[in-house]
Amino acid sequence: MLATLVIGLREGLEATLIVGIIAAFLRRNRVPLAPMWTGVGVAVLLSIAVGLGLQAVEQALPQAQQEAMEALIGIVAVVFVTGMIVWMRSHARHLGRELEASASAALGRGTAWALAGMAFLAVLKEGFETSVFLLATFQASSDTGLAALGAVVGIAAAVVVGYGIYTGGVRLDLAKFFTGTGVFLVFVAGGLVLTVLRRAHEAGWVVIGQQRTVDLGWLAPNGSVQGALVTGVLGIPPDPRVVEVLGWVLYVVPVLALSLSPRRWKPSVVRVPAVRIAVASGLVVAALALAVAVPAGHTDVPATARVTGDARSVTARVSGSTATLRVVGSSTGSSDREARITLPASAHRRVVGAGTATDRWRLTSDRPAADRAAADEPATLTLDDLVQLFGRIPVGISPSSAPGPYRASWATRETVTLWSADGGVVDASRAERSVLTLTGGGLPTARTSTLDRTVWAVPRATVDRTTAALAADRTRSAELALWTRWLPLALGIAAAAQVLLALRDRRRLGLPDSTVPSTTPTRGSPVTATARSTDAVR
């Protein structure tokens with residue numbers, strides 16, 4: 001409620017001040033006020049329509065798109081409030097003089113409707129900013145009813161204060177008022193930055209920097225006054241993430257410094273380009289330091305892994321989408337026997353599992369008939385042989401009516417699989433599936449059974465350790481990307497913007513008259529104020 005009250009008070013007071021100054025000017029010059037009030041009324045209605053329209057559009061969207069739209073509205077609100085704070089810091093002290101100069105120019109065009117347009121644009125701008133900022137604050141608030149009440153009270157108070165200033169019954173130092181409320185709104189906007197980043201994550205836009213930082217549950221318990229202040233007013237969640245804290249600091253610190261810095265620290269027009277270049281240099285140095293100094297982190301996966309079964313170890317050699325697997329050791333008793341298996345590109349796939357991406361080769365082939373004797377595939381089998389192979393007598397064979405021996409026909413298919421990451425062995429195995437067909441030995445018909453066997457494989461414990469290390473490495477790399485890639489990129493963009501602004505300022509200083517306007521165009525007015533006043537509006 002407090003945040004929306006201050007927003008309504010500040011924005012409403014800006015609008016009422018502009019309208020009041022224009023009205024007073026018109027009264028002094030005996031110009032009818034009806035056109036001005038018409039413009040004000042139309043601007044207010046359009047501002048309300050903007051807020052209601054944005055809310056209606058958001059409610060009609062699916063959940064993920066609602067989060068995305070709330071993030072966009074929050075971004076616009078932060079831009080608006082930042083521009084409002086910066087502009088008012090420069091213009092609060094001579095707001096009345098600038099507006100009267102603009103009103104004189106408008107009246108000089110010979111019609112009161114020019115002043116009506118001036119009032120319309122001023123109120124429309126303030127109203128649109130207020131609608132967007134309040135809507136973003138409502139979305140971040142835990143109690144929409146109280147937030148709306150605060151906005152109504154703030155706007156009503158602004159109207160009363162503005163009327164008092166207009167009639168001369170209220171004397172207000174606008175410079176101090178806007179400085180004080182500006183500091184408060186900096187923190188409110190900082191909370192909106194947190195909300196925008198949280199909504200962007202929920203919409204799937206921001207996936208980096210989601211590690212928890214501190215637990216603020218003790219500082220802002222639900223239902224407490226502290227919770228209402230920290231979470232409801234300042235928009236700070238009880239579980240801020242790394243990217244949210246970074247965004248808050250990068251927004252609040254410079255904007256707050258700009259709001260509170262003494263005017264005597266403001267550089268002269270001639271020195272502004274040099275200051276911008278110095279700021280850009282500092283930003284570039286910070287970006288380079290982050291990109292170079294922050295460790296990237298990497299898990300090395302060995303190219304050789306020990307296996308269990310009918311081999312001792314396997315070594316992978318990966319070249320693009322092809323690989324060669326060297327298998328050392330066999331069941332023949334010769335531990336030094338080697339076999340090389342070529343895995344072509346046709347057997348390659350890129351797969352994602354257990355939180356990490358790996359290259360997988362899977363090659364399936366039929367065992368040649370010439371290798372059956374070496375593979376211990378006998379042509380005849382007894383009942384004891386069957387029990388040794390299957391652990392039991394296969395279904396469909398009766399020892400009493402079909403005692404054997406049986407004629408055996410084998411069809412064996414071998415599958416070699418390699419999972420690799422960064423050229424190392426994550427997992428590897430060789431499996432066989434044999435289809436055994438038995439005839440004779442008293443069997444009335446042929447009987448078929450399937451026998452699966454793992455010839456060799458990397459132990460499951462080793463695979464789990466390697467996979468967990470890779471997943472942790474991928475997570476760590478994603479976390480560090482915020483500091484090694486995205487933050488340096490943001491700093492580089494900010495530095496480039498400062499350089500461009502410095503070049504613009506230098507070009508202005510290079511004009512023939514070597515002058516730079518001392519004031520900027522007044523808010524909501526198409527006319528540039530040329531007079532500069534140091535007197536505070538009372």
Side-chain angles (χ1 to χ4, degrees), residues 71-72 74-83 85-86 89 186-187 189-201 203-214 235-237 240-261 265-267 269-299 422 472-509:
L72 291 175
I75 292 172
V76 174
V78 171
V79 172
F80 278 173
V81 73
T82 306
I85 292 170
V86 174
R89 172 176 168 79
V186 168
F187 289 99
L192 280 181
V193 171
L194 295 176
T195 303
V196 165
L197 293 172
R198 182 67 59 95
R199 296 291 183 268
H201 171 65
W205 292 353
V206 178
V207 296
I208 57 174
Q210 297 302 314
Q211 305 79 39
R212 295 177 182 269
T213 53
V214 294
I236 300 175
R241 307 299 203 270
V242 169
V243 69
E244 296 170 356
V245 173
L246 182 62
W248 189 90
V249 171
L250 290 179
Y251 176 82
V252 170
V253 172
V255 178
L256 192 63
L258 182 63
S259 301
L260 296 179
S261 60
W265 290 4
K266 184 178 179 179
V269 174
V270 177
R271 293 189 58 192
V272 166
V275 172
R276 292 192 187 278
I277 294 297
V279 171
S281 301
L283 293 173
V284 170
V285 170
L288 293 177
L290 285 172
V292 174
V294 176
H298 181 69
T299 297
D422 300 330
D473 178 64
R474 298 295 190 271
T475 302
R476 185 168 56 254
S477 298
E479 295 172 357
L480 292 175
L482 173 65
W483 305 97
T484 61
R485 185 185 311 161
W486 296 109
L487 184 55
L489 178 62
L491 294 175
I493 293 173
Q498 289 297 320
V499 171
L500 292 176
L501 291 173
L503 294 176
R504 181 205 64 182
D505 295 338
R506 286 181 182 276
R507 284 195 298 269
R508 288 182 176 180
L509 291 174

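The first residue of the sequence shown is numbered 1, and numbering continues consecutively from there.
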Pairwise distance CG(Leu489) to CG(Leu290) - rounded to 0.5 angstrom: 12.0 Å
d(Asp505 CG, Arg508 CZ) to nearest 0.5 Å is 6.5 Å
How close do Leu283 and Ala495 get, heavy atom to heavy atom, and via which atoms? CD1-N, 3.6 Å
Within this structure, what is the OH-CG distance for the pair Tyr251 and Leu192, rounded to the nearest 0.5 Å? 8.5 Å
Any chance you could lay out the side-chain contact (heavy atoms from CB on, under 4.5 Å) test for Arg241 and Arg212, step after step, and finish with the verdict? CA-CA 5 Å; Arg241 307 299 203 270; Arg212 295 177 182 269; 3.9 Å; yes
Donor-acceptor check, side chain of Glu244 to backbone of Val242, threshold 3.5 angstrom: yes or no? no
Would you give the length of the straight line joining atom CD1 of Ile277 to atom CG of Leu501, rounded to the nearest 0.5 angstrom? 10.0 Å
Taking all non-hydrogen atoms of both residues, which atom of Pro273 and which atom of Ala502 are closest, and how far apart? O-CB, 3.7 Å
Shortest non-hydrogen separation from Leu482 to Pro488 and the atoms involved: O-CD, 4.2 Å
Arg504, CZ: over 12 other non-hydrogen atoms inside 6.0 angstrom: yes
How close do Val214 and Pro240 get, heavy atom to heavy atom, and via which atoms? O-CD, 3.5 Å
Between Ala280 and Val499, the two heavy atoms sitting closest are CB-CG2, 3.7 Å
Just how far is it from atom CD1 of Ile208 to atom CZ of Arg485, taken to the nearest 0.5 Å? 8.0 Å
From CH2 (Trp248) to CG (Leu197), nearest 0.5 Å: 13.5 Å
Evaluate the criterion side-chain contact (heavy atoms from CB on, under 4.5 Å) for residue pair Leu256 and Phe187; output intermediate values, then yes/no. CA-CA 8 Å; Leu256 192 63; Phe187 289 99; 3.8 Å; yes
